[in-house]
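Per chain, numbering begins at 1; letters A, B, ... match sequence-line order. Just the heavy atoms: all of them, side chains too, but no hydrogens, waters or symmetry mates, feed the values below. Bear in mind that the values here come from a model prediction, so they are computed numbers and not experimental data.
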Amino acid sequence: MRIATWNVNSVKQRMPRLLPWLEQRRPDVVCLQETKLTDEAFTSLLAAPLAELGYEVASHGQGQWNGVALLSRVGLADVERGFAGQPDYDGRAEARAISATCGGVRVHSLYVPNGRTPDSDHYVYKLAWLAALGDIVAAGPADAVVCGDVNIAPTDADVFDPAAYAGHTHVTAPERAALAALMDAGLRDVVRDRWPGERVFSYWDYRAGMFHQDLGMRIDLVLASGPVAGRVRAAWIDREARKGKLPSDHAPVIVDLDVAPDGDIGPMVPPPSAPRRGARGVRLPQAR
DNA sequence: ATGGTTGCGCTGCAA
(Lines give C-alpha, C1' and ligand atoms only; values in the text may rest on other atoms or scores of the structure.)
Protein backbone atom coordinates (compact mmCIF):
# COMPACT_ATOMS: atom_id res chain seq x y z
CA MET A 1 0.00 0.00 0.00
CA ARG A 2 1.41 3.37 -1.04
CA ILE A 3 0.52 6.39 1.15
CA ALA A 4 1.36 9.94 0.11
CA THR A 5 0.91 13.36 1.67
CA TRP A 6 1.10 16.66 -0.21
CA ASN A 7 0.42 20.27 0.70
CA VAL A 8 -0.82 21.36 -2.72
CA ASN A 9 -1.34 25.09 -1.95
CA SER A 10 -4.74 25.29 -3.67
CA VAL A 11 -5.98 22.08 -5.20
CA LYS A 12 -7.78 24.11 -7.85
CA GLN A 13 -4.55 25.72 -9.06
CA ARG A 14 -2.71 22.42 -8.68
CA MET A 15 -5.08 20.21 -10.70
CA PRO A 16 -2.78 20.26 -13.77
CA ARG A 17 0.02 18.92 -11.56
CA LEU A 18 -2.00 16.71 -9.20
CA LEU A 19 -3.86 14.56 -11.72
CA PRO A 20 -0.78 13.54 -13.80
CA TRP A 21 1.15 12.99 -10.57
CA LEU A 22 -1.54 10.56 -9.34
CA GLU A 23 -1.27 8.65 -12.61
CA GLN A 24 2.51 8.63 -12.40
CA ARG A 25 3.02 7.65 -8.73
CA ARG A 26 -0.23 5.75 -8.27
CA PRO A 27 -0.58 6.20 -4.51
CA ASP A 28 -3.33 4.15 -2.85
CA VAL A 29 -4.02 6.76 -0.21
CA VAL A 30 -3.36 10.50 -0.56
CA CYS A 31 -3.49 13.12 2.17
CA LEU A 32 -3.90 16.65 0.82
CA GLN A 33 -3.49 19.93 2.65
CA GLU A 34 -4.22 23.56 1.81
CA THR A 35 -6.94 22.57 -0.63
CA LYS A 36 -8.50 26.06 -0.23
CA LEU A 37 -11.92 24.84 -1.42
CA THR A 38 -15.26 24.27 0.23
CA ASP A 39 -16.46 20.67 0.17
CA GLU A 40 -19.03 21.63 -2.48
CA ALA A 41 -16.38 23.17 -4.72
CA PHE A 42 -14.02 20.25 -4.13
CA THR A 43 -16.71 17.79 -5.21
CA SER A 44 -17.75 19.71 -8.31
CA LEU A 45 -14.17 20.21 -9.48
CA LEU A 46 -12.48 16.98 -8.47
CA ALA A 47 -14.96 14.18 -7.78
CA ALA A 48 -15.23 13.11 -11.43
CA PRO A 49 -11.52 13.16 -12.40
CA LEU A 50 -10.58 11.44 -9.14
CA ALA A 51 -13.26 8.78 -9.56
CA GLU A 52 -11.86 8.20 -13.05
CA LEU A 53 -8.52 7.41 -11.39
CA GLY A 54 -10.25 5.05 -8.96
CA TYR A 55 -10.32 7.22 -5.84
CA GLU A 56 -12.95 7.63 -3.20
CA VAL A 57 -12.73 11.14 -1.78
CA ALA A 58 -13.48 12.91 1.48
CA SER A 59 -12.73 16.59 1.95
CA HIS A 60 -12.95 19.03 4.82
CA GLY A 61 -12.59 22.55 3.47
CA GLN A 62 -13.60 26.11 4.13
CA GLY A 63 -12.59 27.98 0.96
CA GLN A 64 -9.86 30.62 0.73
CA TRP A 65 -7.63 29.15 3.43
CA ASN A 66 -6.77 25.79 4.99
CA GLY A 67 -8.65 22.69 3.84
CA VAL A 68 -7.64 19.01 3.93
CA ALA A 69 -8.73 15.91 2.04
CA LEU A 70 -8.25 12.17 1.76
CA LEU A 71 -8.22 10.14 -1.45
CA SER A 72 -8.23 6.35 -1.30
CA ARG A 73 -8.36 3.35 -3.58
CA VAL A 74 -8.28 0.91 -0.63
CA GLY A 75 -11.42 1.99 1.22
CA LEU A 76 -12.40 5.15 3.03
CA ALA A 77 -14.35 4.28 6.16
CA ASP A 78 -15.36 6.14 9.31
CA VAL A 79 -14.43 9.59 8.02
CA GLU A 80 -13.99 12.17 10.76
CA ARG A 81 -13.70 15.88 10.02
CA GLY A 82 -11.71 17.74 12.65
CA PHE A 83 -11.16 15.92 15.93
CA ALA A 84 -12.63 15.94 19.41
CA GLY A 85 -11.12 18.75 21.43
CA GLN A 86 -9.67 20.58 18.42
CA PRO A 87 -9.13 24.19 19.48
CA ASP A 88 -10.77 27.06 17.62
CA TYR A 89 -8.84 30.05 16.33
CA ASP A 90 -10.36 33.49 16.85
CA GLY A 91 -13.58 31.79 17.87
CA ARG A 92 -13.85 29.63 14.75
CA ALA A 93 -13.08 26.00 13.98
CA GLU A 94 -10.63 25.70 11.07
CA ALA A 95 -10.51 22.93 8.45
CA ARG A 96 -7.16 21.39 9.34
CA ALA A 97 -7.78 17.71 10.05
CA ILE A 98 -9.55 14.78 8.46
CA SER A 99 -9.11 11.09 9.20
CA ALA A 100 -10.44 7.80 7.89
CA THR A 101 -9.65 4.11 7.88
CA CYS A 102 -8.00 3.09 4.60
CA GLY A 103 -6.69 -0.40 3.97
CA GLY A 104 -6.87 -1.20 7.67
CA VAL A 105 -4.87 1.85 8.74
CA ARG A 106 -6.23 4.93 10.49
CA VAL A 107 -4.96 7.76 8.26
CA HIS A 108 -4.83 11.38 9.42
CA SER A 109 -4.40 14.24 6.94
CA LEU A 110 -3.32 17.29 8.92
CA TYR A 111 -2.51 20.92 8.31
CA VAL A 112 -0.97 22.08 11.57
CA PRO A 113 -1.34 25.83 12.25
CA ASN A 114 1.65 27.83 11.02
CA GLY A 115 2.26 29.74 14.23
CA ARG A 116 3.28 32.90 12.33
CA THR A 117 5.60 34.37 14.98
CA PRO A 118 6.59 33.01 18.40
CA ASP A 119 4.94 35.94 20.18
CA SER A 120 1.59 35.57 18.39
CA ASP A 121 -1.70 34.12 19.52
CA HIS A 122 -1.42 31.85 16.48
CA TYR A 123 1.67 30.26 18.01
CA VAL A 124 -0.23 29.56 21.23
CA TYR A 125 -3.01 28.07 19.10
CA LYS A 126 -0.50 25.88 17.27
CA LEU A 127 0.82 24.36 20.51
CA ALA A 128 -2.68 23.80 21.91
CA TRP A 129 -3.79 22.24 18.62
CA LEU A 130 -0.88 19.79 18.69
CA ALA A 131 -1.53 18.85 22.32
CA ALA A 132 -5.19 18.13 21.58
CA LEU A 133 -4.26 16.09 18.52
CA GLY A 134 -1.84 14.04 20.61
CA ASP A 135 -4.65 12.99 22.92
CA ILE A 136 -6.66 11.72 19.95
CA VAL A 137 -3.78 9.81 18.36
CA ALA A 138 -2.75 8.24 21.66
CA ALA A 139 -6.31 6.98 22.17
CA GLY A 140 -6.71 5.77 18.58
CA PRO A 141 -6.12 2.49 16.75
CA ALA A 142 -2.73 0.75 16.93
CA ASP A 143 -2.35 0.91 13.14
CA ALA A 144 -2.17 4.60 12.31
CA VAL A 145 -0.33 7.13 10.19
CA VAL A 146 -0.28 10.82 11.00
CA CYS A 147 0.49 12.63 7.77
CA GLY A 148 0.71 16.20 6.64
CA ASP A 149 2.21 19.64 6.93
CA VAL A 150 3.19 19.88 10.58
CA ASN A 151 4.85 23.30 10.16
CA ILE A 152 7.69 22.13 12.42
CA ALA A 153 11.19 21.06 11.40
CA PRO A 154 11.83 18.20 13.85
CA THR A 155 15.57 18.91 14.23
CA ASP A 156 18.24 21.30 12.97
CA ALA A 157 19.04 18.70 10.29
CA ASP A 158 15.64 19.50 8.81
CA VAL A 159 16.46 23.09 7.83
CA PHE A 160 19.09 24.35 5.37
CA ASP A 161 20.72 26.56 7.99
CA PRO A 162 19.57 26.68 11.62
CA ALA A 163 21.00 30.20 11.99
CA ALA A 164 18.67 31.47 9.26
CA TYR A 165 15.68 30.43 11.36
CA ALA A 166 16.80 31.84 14.69
CA GLY A 167 13.84 33.57 16.29
CA HIS A 168 11.37 32.15 13.78
CA THR A 169 8.62 29.61 14.19
CA HIS A 170 8.99 26.00 12.97
CA VAL A 171 12.23 25.46 14.89
CA THR A 172 11.53 26.66 18.45
CA ALA A 173 11.95 24.34 21.41
CA PRO A 174 8.26 24.42 22.43
CA GLU A 175 7.17 23.47 18.91
CA ARG A 176 9.68 20.63 18.75
CA ALA A 177 8.61 19.49 22.21
CA ALA A 178 4.97 19.50 21.08
CA LEU A 179 5.87 17.34 18.09
CA ALA A 180 7.91 15.01 20.31
CA ALA A 181 4.97 14.70 22.70
CA LEU A 182 2.70 13.75 19.81
CA MET A 183 5.23 11.12 18.75
CA ASP A 184 5.38 9.77 22.30
CA ALA A 185 2.23 7.86 21.37
CA GLY A 186 4.71 5.55 19.59
CA LEU A 187 5.02 7.24 16.20
CA ARG A 188 8.07 6.97 13.95
CA ASP A 189 9.24 9.63 11.50
CA VAL A 190 9.64 7.12 8.71
CA VAL A 191 11.39 9.36 6.16
CA ARG A 192 14.07 10.38 8.66
CA ASP A 193 14.40 6.76 9.76
CA ARG A 194 15.06 5.83 6.13
CA TRP A 195 17.46 8.72 5.40
CA PRO A 196 19.38 9.40 8.62
CA GLY A 197 21.64 12.41 8.36
CA GLU A 198 20.66 13.15 4.75
CA ARG A 199 19.67 16.54 3.36
CA VAL A 200 15.98 15.90 2.78
CA PHE A 201 13.53 18.80 2.46
CA SER A 202 9.82 18.95 1.62
CA TYR A 203 9.24 22.72 1.44
CA TRP A 204 11.04 25.53 -0.32
CA ASP A 205 9.86 29.13 -0.30
CA TYR A 206 8.72 30.33 -3.71
CA ARG A 207 10.89 33.41 -3.42
CA ALA A 208 14.51 34.17 -4.18
CA GLY A 209 15.33 30.91 -5.95
CA MET A 210 15.18 28.91 -2.74
CA PHE A 211 14.26 25.67 -4.47
CA HIS A 212 16.92 26.11 -7.15
CA GLN A 213 19.52 26.42 -4.38
CA ASP A 214 17.90 23.64 -2.33
CA LEU A 215 17.37 25.97 0.62
CA GLY A 216 14.39 24.34 2.26
CA MET A 217 12.98 22.66 5.30
CA ARG A 218 11.43 19.28 6.08
CA ILE A 219 8.06 20.07 7.61
CA ASP A 220 5.84 17.52 5.80
CA LEU A 221 5.94 14.26 7.69
CA VAL A 222 4.59 10.74 7.72
CA LEU A 223 4.50 9.54 11.32
CA ALA A 224 3.67 5.85 11.59
CA SER A 225 2.66 3.85 14.63
CA GLY A 226 4.96 0.95 15.47
CA PRO A 227 3.06 -1.79 13.62
CA VAL A 228 2.85 0.36 10.48
CA ALA A 229 6.45 1.61 10.74
CA GLY A 230 7.53 -2.03 10.68
CA ARG A 231 5.89 -2.45 7.28
CA VAL A 232 7.68 0.48 5.61
CA ARG A 233 9.66 -0.58 2.55
CA ALA A 234 10.28 2.86 1.06
CA ALA A 235 9.91 6.41 2.33
CA TRP A 236 10.99 9.41 0.32
CA ILE A 237 10.18 12.94 -0.77
CA ASP A 238 9.14 13.38 -4.38
CA ARG A 239 11.28 16.39 -5.26
CA GLU A 240 10.38 16.04 -8.95
CA ALA A 241 6.89 17.34 -8.13
CA ARG A 242 8.41 20.64 -6.90
CA LYS A 243 10.09 21.27 -10.29
CA GLY A 244 8.68 22.71 -13.49
CA LYS A 245 5.65 24.85 -14.14
CA LEU A 246 3.20 25.97 -11.44
CA PRO A 247 4.38 23.75 -8.59
CA SER A 248 3.17 23.83 -5.02
CA ASP A 249 5.82 25.18 -2.65
CA HIS A 250 5.73 21.74 -0.97
CA ALA A 251 6.77 18.36 -2.38
CA PRO A 252 4.83 15.15 -1.70
CA VAL A 253 6.06 12.53 0.76
CA ILE A 254 5.60 8.94 -0.39
CA VAL A 255 5.66 5.84 1.83
CA ASP A 256 5.27 2.24 0.67
CA LEU A 257 4.00 -0.39 3.10
CA ASP A 258 4.12 -4.09 2.42
CA VAL A 259 1.30 -6.60 2.97
CA ALA A 260 -1.60 -4.43 1.92
CA PRO A 261 -5.00 -6.07 2.40
CA ASP A 262 -5.17 -6.93 -1.30
CA GLY A 263 -1.65 -8.37 -1.22
CA ASP A 264 -0.35 -5.77 -3.69
CA ILE A 265 2.76 -3.94 -2.56
CA GLY A 266 2.60 -1.49 -5.46
CA PRO A 267 5.36 -0.44 -7.84
CA MET A 268 8.89 0.16 -6.66
CA VAL A 269 10.23 3.69 -6.84
CA PRO A 270 13.54 5.43 -7.49
CA PRO A 271 15.43 6.91 -4.54
CA PRO A 272 15.54 10.66 -4.03
CA SER A 273 18.24 12.59 -5.87
CA ALA A 274 21.68 12.78 -4.28
CA PRO A 275 22.06 15.10 -1.30
CA ARG A 276 23.44 18.56 -2.00
CA ARG A 277 25.99 20.60 -0.15
CA GLY A 278 24.74 22.86 2.58
CA ALA A 279 24.51 26.60 2.24
CA ARG A 280 25.32 29.08 4.98
CA GLY A 281 24.72 32.75 5.44
CA VAL A 282 21.65 32.87 3.22
CA ARG A 283 19.03 35.24 4.55
CA LEU A 284 15.59 33.89 5.06
CA PRO A 285 12.65 35.55 3.34
CA GLN A 286 10.62 37.39 5.92
CA ALA A 287 7.57 35.23 5.71
CA ARG A 288 6.89 31.62 5.00
C1' DA B 1 18.56 44.31 -4.02
C1' DT B 2 16.51 45.45 3.38
C1' DG B 3 14.96 42.54 -2.23
C1' DG B 4 12.36 37.79 -4.01
C1' DT B 5 6.52 34.48 -4.98
C1' DT B 6 2.08 32.57 -5.02
C1' DG B 7 -2.96 32.31 -3.92
C1' DC B 8 -7.20 34.53 -2.89
C1' DG B 9 -9.73 38.02 -4.59
C1' DC B 10 -9.85 43.00 -5.15
C1' DT B 11 -7.13 45.16 -0.64
C1' DG B 12 -3.89 43.52 1.70
C1' DC B 13 -3.13 39.21 4.19
C1' DA B 14 -1.31 34.52 4.74
C1' DA B 15 2.21 31.52 3.88
Handout entry: 5′-ward residue of the pair Ala208(A)/Asn9(A) relative to DNA chain B
Key = Ala208(A)
Completion exercise
dist Ser59(A):OG -> Leu71(A):CG (nearest 0.5 Å) comes out at 9.5 Å
Problem - Identified side chain to side chain contact (heavy atoms under 4.5 Å, CB included) partner of Leu110(A) from the options Val68(A), Asp149(A), Leu133(A) - result: Leu133(A)
Practice task
Could you check how far CD of Gln64(A) sits from C1' of dG7(B), rounded to whole Å?
Solution key: 10 Å
Handout entry: For atom NZ of Lys12(A) and atom C1' of dG9(B), their distance in whole Å
Key = 11 Å
Practice task
Check whether NZ of the Lys or CZ of the Arg Arg242(A) lies under 6.0 Å from the centre of the six-membered ring of Phe211(A) and within 45 degrees of that ring's axis.
Solution key: yes
Fill in the blank from the handout: Here the distance between atom P of dC13(B) and atom CZ of Arg116(A), to the nearest Å, is 11 Å
Problem - Separation of atom OH in Tyr89(A) from atom P in dC13(B), rounded to whole Å - result: 13 Å
Exercise for the section: Write down the distance between CG (Leu215(A)) and P (dT5(B)), rounded to a whole number of angstrom. Expected result: 16 Å
Handout entry: Centroid separation Phe83(A) to Trp129(A) less than 6.0 Å
Key = yes
Problem - Nearest-nucleotide 5' precedence on DNA chain B, Tyr111(A) against Arg14(A) - result: Arg14(A)
Practice task
Provide the distance between the two C1' atoms, one in dG9(B) and one in dA14(B), to the nearest whole Å.
Solution key: 13 Å
Handout entry: Rounded interatomic separation in angstrom, taking CZ from Arg17(A) and C1' from dT6(B)
Key = 14 Å
Fill in the blank from the handout: Taken to the nearest whole Å, CG/Asp249(A) to C1'/dG4(B) is 14 Å
Practice task
For the side chain of Ser10(A), starting at C-beta, report the closest nucleotide among dG4(B), dC8(B), dT6(B).
Solution key: dC8(B)
Practice task
Starting from C1' on dG12(B), measure out to CH2 on Trp65(A) and report it in whole angstrom.
Solution key: 10 Å
Exercise for the section: Take atom P in dC13(B) and the same atom in dG3(B), then report the distance between them in whole Å. Expected result: 16 Å
